[in-house]
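First the structure, in the form of structure tokens, and then the observations on it.
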Amino acid sequence: MSQYIYIKDNKVVNIAEFLEPSAATLDLFKLTNQVDAIVEFEDYINIGDGFVNGARVPNRPFEGWVLSEDESYYLPPTNKPSDDHVWSNEDEDWVLPA
């Protein structure tokens, strides 16, 4: 069995396993599910992840975080000052827990 991901607007919208599907079968599933593409994908991926140029783009954990140069993870806009700090989406900065 191989894992196939359904792509719509550069996002993973579904994941399915097929046993050697034909091109016609994949085209039929693409049409009936109204997706842009169905792609075989062997690595770990989640529904909601981005999929651009054949590669997984993870979900952004917080607004303001930016994608790393290799597009494999997100970075906070500022460095974490110490292990005691946590990210506050409200403050858009690292804060000490209350």
Side-chain angles (χ1 to χ4, degrees):
M1 286 250 190
S2 296
Q3 174 178 278
Y4 288 78
I5 56 176
Y6 294 51
I7 310 298
K8 178 79 173 174
D9 299 326
N10 293 326
K11 290 276 187 192
V12 177
V13 295
N14 198 5
I15 302 170
E17 288 187 341
F18 290 98
L19 182 62
E20 300 178 26
S22 68
T25 298
L26 292 176
D27 285 343
L28 178 62
F29 274 81
K30 180 180 162 187
L31 180 65
T32 58
N33 289 280
Q34 299 179 345
V35 294
D36 302 324
I38 297 178
V39 179
E40 186 173 8
F41 195 74
E42 296 179 5
D43 293 331
Y44 180 80
I45 198 159
N46 290 307
I47 292 174
D49 284 348
F51 193 77
V52 179
N53 298 325
R56 173 186 179 261
V57 178
N59 287 322
R60 183 186 316 229
F62 302 103
E63 286 298 317
W65 286 41
V66 294
L67 199 56
S68 65
E69 280 190 32
D70 67 0
E71 298 185 337
S72 63
Y73 58 92
Y74 280 90
L75 298 165
T78 59
N79 291 332
K80 188 175 182 179
S82 75
D83 286 340
D84 296 336
H85 287 74
V86 295
W87 182 257
S88 166
N89 215 22
E90 183 179 313
D91 298 322
E92 294 186 6
D93 201 0
W94 298 101
V95 297
L96 288 169

CG-CZ distance between Asp43 and Phe41, expressed to the nearest 0.5 angstrom: 4.5 Å
Separation between CG of Asp36 and CZ of Phe51, rounded to the nearest 0.5 Å: 12.0 Å
Arg56 side, atom CZ; Asn46 side, atom CG - distance, nearest 0.5 Å: 6.0 Å
Atom pair CG (Asp49) and CG (Asn59), whose distance is rounded to the nearest 0.5 Å: 5.0 Å
Over all atoms of both residues, closest heavy-atom pair of Glu40 and Ser2: OE2-OG, 3.0 Å
Interatomic distance, Asn14 atom CG to Ile7 atom CD1 [nearest 0.5 angstrom]: 10.0 Å
Aromatic plane relationship, Phe18 with Tyr6 - under 30° parallel, 30 to 60° tilted, over 60° perpendicular: parallel
Minimum heavy-atom distance Gln3-Ile45, with the two atoms named: NE2-CG2, 3.9 Å
Where Pro97 and Asp84 come nearest, the two heavy atoms and their spacing: CD-O, 3.1 Å
Aromatic contact, Tyr4 with Phe29 (centres under 6.0 Å): no
Whether Trp94 and Trp65 hold their rings parallel, tilted or perpendicular, with breakpoints at 30° and 60°: tilted
Distance-minimising heavy-atom pair for Pro76 and Trp87: CB-CZ3, 4.3 Å
Sole candidate of Leu26, Thr32, Thr25 that passes side-chain contact (heavy atoms from CB on, under 4.5 Å) when paired with Leu28: Thr32
Heavy-atom pair with the smallest gap, counting every atom of Glu17 and Met1: CB-SD, 3.7 Å
